[in-house]
Protein chains: 4
Amino acid sequence: MGKTHADRCHGAAGRPRCPAKEAVILDAALMLLSERGFTRMPLDGVARAAGVSKATIHLRFRTKTELAAAALKTLRPSSAPPETGDVRADLVAQLADFAATLTRTPGMALIGTCLAEEAHTPELLQLFRECAVQPRRDAMRRLLDRACVQGVLASGADPDAVTSALLGASYADHLAGRTTAEGWAERTVAGVLALPVCP
Amino acid sequence: MGKTHADRCHGAAGRPRCPAKEAVILDAALMLLSERGFTRMPLDGVARAAGVSKATIHLRFRTKTELAAAALKTLRPSSAPPETGDVRADLVAQLADFAATLTRTPGMALIGTCLAEEAHTPELLQLFRECAVQPRRDAMRRLLDRACVQGVLASGADPDAVTSALLGASYADHLAGRTTAEGWAERTVAGVLALPVCP
Amino acid sequence: MGKTHADRCHGAAGRPRCPAKEAVILDAALMLLSERGFTRMPLDGVARAAGVSKATIHLRFRTKTELAAAALKTLRPSSAPPETGDVRADLVAQLADFAATLTRTPGMALIGTCLAEEAHTPELLQLFRECAVQPRRDAMRRLLDRACVQGVLASGADPDAVTSALLGASYADHLAGRTTAEGWAERTVAGVLALPVCP
Amino acid sequence: MGKTHADRCHGAAGRPRCPAKEAVILDAALMLLSERGFTRMPLDGVARAAGVSKATIHLRFRTKTELAAAALKTLRPSSAPPETGDVRADLVAQLADFAATLTRTPGMALIGTCLAEEAHTPELLQLFRECAVQPRRDAMRRLLDRACVQGVLASGADPDAVTSALLGASYADHLAGRTTAEGWAERTVAGVLALPVCP
DNA sequence: TATGAATGAGTGTTCATTCAT
DNA sequence: TATGAATGAACACTCATTCAT
């Protein structure tokens with residue numbers, strides 16, 4: 001009684017699903033996924049961290065894989081650093097931001113999980129590509145295109161190759177255990193663009 | 001330090017341990033480690049693949065972690081491609097060989113496992129660095145030093161940064177799902193060294 | 001006693017419960033109970049089959065056991081085959097009808113469930129006796145009494161024992177996996193009544 | 001050292017499997033299977049009742065179904081009652097023994113489980129037929145054949161039908177809740193063989 | 001030494017039931 | 001009343017490790 005049409009038709013039948021829980025669960029899942037990896041992320045753990053019951057998780061995500069996938073989908077390209085007019089400075093900023101993202105908590109570990117699980121759970125790597133890798137590449141690519149236009153980058157160079165080189169340098173350094181300290185982004189951009197060579 | 005369980009507990013007394021089995025076990029472990037990852041590598045599986053019993057494995061490696069570490073230690077840098085006089089060609093060859101190593105069955109998956117396990121089992125990443133990453137970097141670095149001497153590379157560029165860019169490009173492309181096809185190494189070297197820019 | 005949860009808790013006050021749903025639920029429950037057994041009948045399944053929500057079921061039946069019991073109570077002895085004057089023919093018809101009931105979809109499975117659950121849920125077997133077993137026995141018994149009167153059956157024979165033998169033959173054959181094909185009822189009646197022996 | 005050829009080849013490698021446990025596990029399983037039914041028989045429960053760990057059970061029986069099947073296979077036709085010269089008396093004895101088997105602990109419940117699980121786990125009913133139903137039928141059948149020879153049974157009667165009637169009477173009475181007390185077997189044999197009818 | 005047996009902790013998923021609209 | 005959400009208790013099965021030959 002007293003219910004409006006909207007109430008009845010909006011799919012409001014039954015107890016409404018607590019919307020906050022969705023996010024809490026995904027947060028907990030993403031945290032555990034990064035910190036411990038897929039196979040070391042027990043659903044009990046996610047439930048406990050999220051403050052819900054395991055069954056509540058299963059209500060939203062049929063399987064553990066689906067949960068992990070949904071958690072990965074929440075990855076959003078960190079708000080891109082603002083673009084100034086200086087292309088080279090923008091490249092450095094973008095690269096530094098990327099390295100920071102990797103360093104911050106669990107970036108590399110998350111990548112590791114997706115790679116390690118590829119044979120068993122290919123969705124993870126695929127989603128990671130869509131949600132994290134590609135957006136970053138696109139942003140970088142856009143900057144490089146502008147760099148070409150401005151003559152900062154040799155027009156003959158394959159922009160995809162340069163994108164890979166710049167972003168890849170971060171992977172390589174993390175993997176090598178080289179701490180990417182102050183000035184790292186500058187040095188890398190310099191190394192890759194090799195501008196000094198051109199007097 | 002660096003001694004395995006077997007090293008520590010046994011001298012020459014008693015029936016000597018069949019040394020062949022050691023190798024067979026490590027081979028099987030490395031294969032499963034790459035193909036399925038640490039957490040998906042059951043000791044039963046290693047035992048079966050190696051044709052020994054689980055207990056035999058534990059006789060040599062106290063824990064699963066020790067086994068995995070020992071397996072990683074068997075990684076040897078693939079025989080470096082022969083060096084010609086042409087530095088640039090050597091760089092391309094080295095890079096192509098690296099990419100091939102990554103692609104060949106389980107390179108990226110193995111990296112993924114080491115990264116994913118870093119929080120739980122830091123030894124893996126550490127050993128992977130020593131046995132796989134560093135040797136490769138060293139080889140690349142040597143070529144780059146020669147490139148500097150010959151003026152192919154700007155003497156101002158940080159050779160470590162360039163090393164990271166070149167090798168990292170391979171990681172980045174794998175991670176992005178870009179198939180590294182024919183001519184990939186050439187394009188990457190060109191992009192990184194940016195030679196075309198210097199008329 | 002014999003009152004359902006609904007009977008007990010509600011008079012005529014408030015919005016009356018949709019009576020159609022009651023039947024739909026019980027139908028669905030009886031079907032699943034026969035097809036899959038008590039422990040393999042999930043309430044979700046009943047709810048889905050009936051097109052209602054789980055909570056709606058619990059509104060009428062406090063527990064799963066009560067639901068199953070109510071479903072069993074809907075069992076009605078199949079309309080008895082018409083009685084002709086010929087007692088022997090009537091016995092055969094009755095027996096054939098019984099065997100058909102057992103064979104038809106889930107007769108034996110339902111019996112199995114009631115028997116298997118006896119220790120855990122004695123109500124089921126009890127209700128099954130009242131609603132299915134006894135009515136059938138009574139019908140058979142009536143025929144046998146007439147048979148006695150007409151001299152077809154030896155007046156000294158215990159009619160209950162003969163009833164058990166005739167109906168039981170059907171159980172025994174199902175349990176033995178003997179397909180009860182054409183002429184089965186005739187042969188059984190002949191075997192039990194053993195009339196041929198009396199010239 | 002000191003091992004004979006037999007020791008090595010007899011399959012004696014490694015710790016020998018404790019032979020008692022096999023039986024204890026199967027006993028516990030059969031007990032729980034009869035008392036509670038297949039779906040209410042938790043492996044934990046079997047393990048606890050048998051005093052072994054769950055994994056020990058899985059070492060011998062891959063799945064719960066396999067365990068239940070193996071437990072059923074241990075069913076042996078109870079040592080047949082001794083045959084006297086008197087065929088009728090033997091029939092009565094056989095039938096009484098059968099009814100006692102059904103009554104003793106969990107006979108009917110076990111039948112119920114096998115019937116109830118038929119759709120989901122047909123092996124159970126199948127094994128029950130082989131191990132319990134058929135042997136009993138065979139014994140009964142043998143007696144009936146002798147009865148025919150001796151003229152106690154009409155030679156025209158289908159012996160399988162009579163077998164089903166005799167054994168089935170026991171099912172029917174249990175299902176009807178009729179307590180099969182003193183003299184039950186005699187009355188049933190009398191009713192089925194219907195001898196009194198022949199003066 | 002090497003083997004198969006044995007174990008205890010852990011894990012994903014299901015389900016009857018209760019709650020909040 | 002009726003609905004979907006939420007829960008806690010099970011449960012079958014896996015696995016690293018230890019034991020007894």
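Note on naming: letters A, B, ... go to the chains in the order of the sequence lines (proteins, then strands), and numbering restarts at 1 for each one. Note that these values count all heavy atoms, side chains included, but never hydrogens, waters or copies made by symmetry.
- Rounded to an integer number of Å, the gap from CG of C/Leu67 to P of E/dC15 is 15 Å.
- Nearest heavy-atom pair, C/Leu43 versus C/Ile57, reported as atom, atom and distance to 0.1 Å: O-CD1, 4.1 Å.
- The side chain of C/His58 lies closest to E/dA16 when the candidates are E/dA16, F/dC11, E/dT13.
- Closest to the side chain of B/Cys18, out of E/dT7, E/dA2, F/dA12, is E/dA2.
- One atom, CZ of D/Arg15, and another, C1' of E/dT7, lie 9 Å apart when rounded to the nearest Å.
- With hydrogens and angles ignored, the 3.5 Å screen pairs a side-chain donor or acceptor of D/Ser34 with a backbone N or O of D/Leu30.
- The phosphate of E/dT7 has OP1 or OP2 within less than 4.0 Å of a side-chain N or O from D/Thr56.
- Rounded to whole Å, atom P of F/dT14 lies 13 Å from atom NE2 of A/His120.
- OP1 and OP2 of E/dA16 both lie 4.0 Å or more from every side-chain N or O belonging to C/Arg62.
- In this model, the phosphate group of E/dA5 is approached by a side-chain N or O of D/Arg17 to a distance below 4.0 Å at OP1 or OP2.
- The CD atom of A/Glu22 sits 17 Å away from the P atom of F/dG4 (whole-angstrom rounding).
- Mapping C/Met41 and D/Leu59 onto DNA chain E by nearest heavy atom places D/Leu59 closer to the 5' end of the strand.
- Contacts of A/Lys21 with the nucleic acid, taken as non-hydrogen atoms under 4.0 Å apart, involve only primed sugar atoms and P, OP1 or OP2.
- Listed by first and then second residue, the side-chain hydrogen bond (donor to acceptor under 3.5 Å, both in side chains) pairs involving residues 38-52 of chain A are A/Thr39-B/Thr39, A/Arg40-B/Glu117, A/Arg40-B/His120 (not counting sequence neighbours).
- In the interface, the side chain of B/Lys54 is paired with the base of F/dT17 through a donor and an acceptor atom under 3.5 Å apart.
- Judged by distance alone, with hydrogens and angles left aside, the side-chain atoms of C/Lys64 form a donor-acceptor pair with the main-chain N or O of C/Phe38 at under 3.5 Å.
- Residue B/Arg60 has its side chain nearest to E/dA2 when only F/dA16, E/dA2, E/dG12 are considered.
- Comparing B/Leu43 and C/Ala55 by the nucleotide of DNA chain F whose heavy atom lies nearest to each, the residue mapping closer to the 5' end is C/Ala55.
- Between the B/Lys54 side chain and the B/Val46 main chain, no donor and acceptor come within less than 3.5 Å of each other.
- Summarising the geometry, the separation between CZ on D/Arg36 and P on F/dA10 is reported as 11 Å, rounded to the nearest angstrom.
- Each of A/Val52 and C/Ser53 was matched to the nucleotide of DNA chain F holding its nearest heavy atom; the match closer to the 5' end belongs to C/Ser53.
- With a cut-off of 3.5 Å on both pairing distances, the Watson-Crick or G-U wobble partner of F/dA20 is E/dT3.
- Comparing C/Asp44 and A/Pro42, the nucleotide of DNA chain E nearest to each residue sits closer to the 5' end for A/Pro42.
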